[in-house]
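Worksheet: the structure to be examined is printed underneath.
Because the structure is a prediction, the values reported are computed rather than measured.
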Amino acid sequence: MDSKAIEVTFMIVGGGIAGVSCAEGLAFLVPEEKVILISDSALLKAVTNIIPLGKTLMQFDVEERSSESFKETYPSISVIHDVVMKINCAEKLVETKGGIQISYKKLCLCTGAKPKVIAENNPYVIGIRDTESVEHFSERIRNSKRIIVVGNGGIATEIVHEVEDVEVIWVIKDDHISATFVDPGAAEFFQDKLIKKDSYDHHAQSSPVKRMKYTITNGTVTKGGPALGPDWHNSFEMKGVSTVSTKVNIEYCCEISKVLYPNELSEEERTEQWPIYAKLTNGKVIGCDFIVSATGVIPHSQLTGLQTLKKAEDGGILVDWKLETSEKNIFAAGDVCTANWELAEHWFQMRLWTQAQQMGRYAAKAMVSTLRDEEFLQDFCFELFTHVTKFFGYKVVLLGLYNGQKLDRNYEILLRMTKGKEYIKLILKNGKMQGAVLIGDTDLEEMCENLILNQLDLSSYGEDLLNPDIDIEDYFD
């Protein structure tokens, strides 16, 4: 684009899953209108191959696309590889680092979130969030014998499972692994994979990848680019140089209190020679080649000119049921925003790829409807929390209040576990299903979704709900 002053109907800031989903939604709803998407990364994250598993539950792939190929697919969308420097809400004007001024009618902020990194400027600490950081991790691990992984969410869990030929010290603040998503029972189910890690051939056991692998074109990745999507690890070498098989040691209920260089330690503390050491809150001092920080994210909401926008305690931009911010005509979707409406009984916000895609699509609908002054209803996806992912090689489906969120421990659990095959946990209150955790190929996701949405009284079925000798789906066809 040669012009330095551009007028546009819809503008989106951010090339991650939320921003691209919003742009695609606009291209579908109003193909005649001009849309500009500004991304500080040359690679955009597009959701592809959506497979509906129920009314709201879906599985999808994430594909990294160049801005050129994206423009070919959607002629009404112009992609600008630039950084937004200032937003003037009163004049509906955006200024970029490259000197472009864009006036808009409707603006959607999809700037995502940035990782919370311990010891942020330490060269031996790597925060993993985007493609560039994973490339850096992949390069560093090639010459490593031991790493420390801090965090207990999805990325930390996948790293611990995927790395080979390296000793892993996994530091978690909880009393069980993967606590962001699963309970102690499911963690024990997964733990078997960690114990057996020494004895099985990772490459022989790995199943075919069903999602798009990521590619980097000409190395054009900008720091702070879009977040990773599902199966991000499959395109990267994650192998160290340890002479022993991969070994995972877990430090429970503790955190890193301090990151120290060798010269900062006493002789007693420095029993082995490593480039960096971590002092844990349990008193241990552990050396390693480098530390991986995967301890959550902070909404990337600090844009010049948006100081007047109301924000939540977590730093997210507050949005109403239309995903509109406190400034009229400015919307927000994905990790950067925080839901500020009366939430449905079985939905809550988590900063996940699933919700980024849902919010992006819905923001497009809201922007078009408000522009045309049309009435519209909130999307049905906000009725039920759903997420599909994969941990330790197992398919994981989370539905509704899957860990008893919002229920104040006033619920009962039905549980079925077949070691090495499946783990099924149903959350019930007053005889009605409130949530479910389904690990493995259970084929129960659609039934559970319907039972949570319909709130049928299941009291008469009792424990037969999970009786393996009864095909319970037949009851609810």
Contact check, side chains of Cys448 and Leu426, non-hydrogen atoms, under 4.5 Å
yes
Please indicate whether Leu377 has more than 12 foreign heavy atoms, meaning atoms of other residues, nucleotides or ligands, lying under 6.0 Å from its CG.
no
Heavy-atom check, side chain of Lys322 versus side chain of Trp341, under 4.5 Å
no
Looking at residues at least two apart in the chain, or sitting in another chain, which of them share a ring pair (Phe, Tyr, Trp, His ring centres under 6.0 Å) with Tyr394?
Phe189
Does the salt bridge (charged side-chain N to carboxylate O under 4.0 Å, His left out) test come out yes or no for Lys55 and Glu446, once each step is laid out?
CA-CA 8 Å; Lys55 289 185 177 70; Glu446 189 173 11; over 6 Å; no
Interatomic distance, Leu318 atom CG to Lys310 atom NZ [nearest 0.5 angstrom]
8.5 Å
Apply side chain to side chain contact (heavy atoms under 4.5 Å, CB included) to Lys173 and list each qualifying residue two or more places apart in sequence or on a separate chain.
Glu255
Using the salt bridge (Lys or Arg N to Asp or Glu O under 4.0 Å) criterion, which residues pair with Asp174? Sequence neighbours excluded.
none
Tell me if a side-chain donor or acceptor on Gln355 pairs with a main-chain N or O of Phe348 at a distance below 3.5 Å.
yes
Taking Ser301 for the side chain and Gly315 for the main chain, is one N or O donor matched with an acceptor at less than 3.5 Å?
yes
So for atom CG, which belongs to Asp314, do other residues, nucleotides or ligands contribute more than 12 heavy atoms lying within a distance under 6.0 Å?
yes
Expected list for residues 91-99: side-chain donor-acceptor pairs under 3.5 angstrom, two or more places apart:
residue	atom	partner	partner atom	Å
Thr96	OG1	Asp82	OD2	2.7
Thr96	OG1	Gly98	N	3.3
Thr96	OG1	Ile100	N	3.1

When rounded to the nearest 0.5 angstrom, what is the spacing between CG in Leu384 and CG in Leu57?
8.0 Å
Taking the side chain as every heavy atom from C-beta outward, state whether Cys110 and Val336 have any pair of such atoms under 4.5 Å apart.
no
Hey, could you give me the OH/CG distance between Tyr252 and Asp175, rounded to the nearest 0.5 Å?
9.0 Å
Just to verify, which of Gln101, Met11, Lys34 counts as forming a side-chain contact (heavy atoms from CB on, under 4.5 Å) with Ile6?
Lys34
Starting at CG of Asp40, measure out to NE2 of His300 and round the result to the nearest 0.5 Å.
7.0 Å
Only counting residues at least two apart or in another chain, list the ones meeting ring pair (Phe, Tyr, Trp, His ring centres under 6.0 Å) with Phe376.
Trp321
Could you check whether any side-chain heavy atom of Gln349 comes within less than 4.5 Å of a side-chain heavy atom of Cys337, counting everything from C-beta outward?
yes
Within a strict 4.5 Å, meaning less than it, do heavy atoms of the Leu453 and Phe380 side chains meet?
yes
Side chains of Glu327 and Thr308 only: does a donor on one sit below 3.5 Å from an acceptor on the other?
yes
Check this for me: Lys406, atom NZ, are more than 12 non-hydrogen atoms of other residues, nucleotides or ligands nearer than 6.0 Å?
yes
Indicate, with yes or no, if the rings of Phe385 and Trp347 have centres closer together than 6.0 Å.
no
Plane angle bin for Phe137 and Phe290 - parallel if under 30°, tilted between 30 and 60°, otherwise perpendicular
perpendicular
Okay, side chain of Ser369, backbone of Lys365: is any donor-acceptor separation there less than 3.5 Å?
yes
CG (Asn454) with more than 12 external heavy atoms under 6.0 Å:
yes
Specify whether His387 and Phe181 have parallel, tilted or perpendicular ring planes, treating 30° as the upper limit for parallel and 60° as the lower limit for perpendicular.
parallel
Ion pair check, Glu412 and Lys429, cut-off under 4.0 Å
no
Among Ile147, Ile118, Ile126, which one satisfies side-chain contact (heavy atoms from CB on, under 4.5 Å) with Ile291?
Ile118
Nearest 0.5 Å, what's the CG-OH distance between Asn88 and Tyr104?
7.5 Å
Can you see whether Arg351 engages Thr338 through a side-chain donor-acceptor pair at a distance of less than 3.5 angstrom?
yes
Could you tell me whether the side chain of Leu428 reaches within less than 4.5 Å of the side chain of Leu465, counting heavy atoms only?
yes
In plain terms, say whether Glu445 and Lys395 are close enough for a salt bridge, that is, a side-chain N and a carboxylate O under 4.0 Å apart.
yes
Lys425 and Asp183: CA distance, side-chain angles, deciding distance, salt bridge (charged side-chain N to carboxylate O under 4.0 Å, His left out) verdict:
CA-CA 10 Å; Lys425 181 182 79 170; Asp183 63 352; 3.2 Å; yes
Just how far is it from atom CD of Glu449 to atom CG of Leu444, taken to the nearest 0.5 Å?
13.0 Å
Hey, could you give me each pair passing ring-ring contact (aromatic ring centres under 6.0 Å, His included) that has a residue in residues 10-30? Not counting sequence neighbours.
none
Would you check if there is a donor-acceptor pair between the side chains of Gln434 and His346 at a distance under 3.5 Å?
yes
State, yes or no, whether a side-chain contact exists between Met433 and Ile427 at a heavy-atom distance under 4.5 Å.
no
Is there a side-chain contact between Val150 and Trp170 in this structure, where contact means two heavy atoms from C-beta onward sitting under 4.5 Å apart?
no
